[in-house]
Each structure stands twice: as structure tokens, then as C-alpha cells.
Amino acid sequence: MAIHHALSGELIDIKPLGEALKATRTTTLYKTQHLEVFRMILLAGKQMPEHRVVGEFTVQCLEGSVEFSIGTTRDVMRAGDLKCLAGGVPHSLVAIEDSSVLVTLLLHGA
């Protein structure tokens with residue numbers, strides 16, 4: 001069964017998942033040739049190791065808290081916090097507690 005990706009103009013629910021967080025997987029919500037929006041789930045202690053992406057992107061913490069690292073700079077993001085990064089910047093994330101973040105990614109450096 002194919003996973004539904006929202007269509008242009010479709011309303012997307014990004015409210016906190018609450019109790020459903022632990023049973024939810026990372027999900028792409030919207031994807032076009034130039035843009036991808038996904039909800040990433042990171043349970044406490046899980047990490048996204050250092051990596052870089054080609055295009056600019058944003059990360060918005062929807063619930064929980066994550067440590068977002070760029071080089072030696074470490075910021076704790078909590079619900080409502082947003083980070084914007086240029087493409088090519090090495091970064092990593094570690095969940096301090098069960099968390100979901102909304103990632104909006106400009107694909108292919110378009």
C-alpha cells in the first residue's frame with residue numbers, strides 16, 4: 001500500500017502526536033520535484049548521525065526535545081523552536097526525550 005503524500009493545497013495535520021508518538025514512524029508528508037516535508041520521529045537516546053544535505057532546510061521541533069549540533073555548537077530544541085540551515089552544513093541530532101520534528105528540505109539545491 002502506497003503512503004499518501006499531500007497534494008498541493010491540501011491541509012496537513014502536524015499537531016503533536018502525544019501518546020501515539022512511540023508507535024509512529026518517520027513519514028514524508030509532502031514531496032515535489034523541489035521540496036520535501038517530513039515528520040521525523042526520534043525516540044529518547046536515538047540519533048541522526050552527522051550528515052549534510054545539498055539544499056537549504058528547516059527543522060522545527062513539534063514535541064519533545066532534541067539536541068541539534070553544528071560542529072561544536074549544540075542547541076537544545078523544544079516544541080516551537082525552529083532552525084534554518086544552508087545546504088552543505090554538517091549537522092546531527094540526538095533526542096533528549098521522545099520527539100517529533102518537522103523537516104522542510106529544498107531538494108537538489110534548487
Side-chain angles (χ1 to χ4, degrees):
M1 181 171 150
I3 295 174
H4 173 72
H5 293 160
L7 302 174
S8 179
E10 185 176 338
L11 189 63
I12 303 170
D13 181 0
I14 61 165
K15 288 189 282 303
L17 297 166
E19 293 298 319
L21 179 64
K22 285 186 184 292
T24 303
R25 298 180 149 216
T26 295
T27 306
T28 298
L29 304 172
Y30 181 75
K31 188 170 184 178
T32 67
Q33 182 179 357
H34 301 289
L35 184 71
E36 182 173 5
V37 179
F38 60 95
R39 183 195 293 255
M40 181 170 31
I41 306 298
L42 289 169
L43 299 181
K46 296 296 180 182
Q47 64 179 346
M48 175 64 63
E50 186 174 85
H51 63 287
R52 53 183 96 209
V53 296
V54 175
E56 299 170 76
F57 67 100
T58 66
V59 176
Q60 178 182 358
C61 185
L62 300 175
E63 61 192 310
S65 59
V66 296
E67 181 182 85
F68 192 105
S69 299
I70 304 169
T72 58
T73 301
R74 289 166 170 51
D75 290 314
V76 174
M77 297 181 69
R78 293 178 179 82
D81 290 337
L82 175 73
K83 277 272 194 192
C84 303
L85 254 65
V89 175
H91 60 282
S92 62
L93 289 95
V94 177
I96 297 168
E97 56 187 321
D98 294 345
S99 305
S100 71
V101 298
L102 185 70
V103 179
T104 302
L105 176 62
L106 184 62
L107 299 174
H108 317 295

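- Residues Asp98 and Lys22 form a side-chain contact, since some pair of their non-hydrogen atoms from C-beta on lies under 4.5 Å apart.
- With a 4.5 Å cut-off on side-chain heavy atoms, Val37 and Ile14 do not count as touching.
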With side-chain hydrogen bond (donor to acceptor under 3.5 Å, both in side chains) as the criterion, how do Thr28 and Glu36 come out once you've worked through the C-alpha distance, each side chain's angles and the decisive distance to 0.1 Å? CA-CA 7 Å; Thr28 298; Glu36 182 173 5; 3.2 Å; yes
Taking only distance into account, with no hydrogens and no angle test, what donor-acceptor pairs under 3.5 Å do side-chain atoms of residues 69-81 form with protein atoms, sequence neighbours excluded?
unit_1: Arg74; atom_1: NH1; unit_2: Gly71; atom_2: O; d: 3.4
unit_1: Asp75; atom_1: OD2; unit_2: Lys83; atom_2: NZ; d: 2.5
unit_1: Asp81; atom_1: OD2; unit_2: Arg78; atom_2: N; d: 2.8

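- At a threshold of 4.5 Å between non-hydrogen side-chain atoms, the residues Phe57 and Leu106 do not count as touching.
- In this structure, Val59 and Leu102 have side chains that are not in contact, with every pair of non-hydrogen atoms separated by 4.5 Å or more.
- A donor-acceptor pair is defined here as one N or O able to donate and one able to accept, closer than 3.5 Å; such a pair exists between the side chain of Thr24 and the backbone of Ala20.
- Leu21 places a side-chain heavy atom less than 4.5 Å from the side chain of Glu63.
- Annotation: side chain of Tyr30 is in contact with side chain of Ser8 (closest heavy-atom distance under 4.5 Å).
- No side-chain heavy atom of Val103 sits less than 4.5 Å from a side-chain heavy atom of Gln60.
- Under the 3.5 Å distance criterion, the side-chain polar atoms of His51 are matched with a main-chain donor or acceptor of Pro49.
- Between Thr58 and Leu82 there is a side-chain heavy-atom pair separated by less than 4.5 Å.
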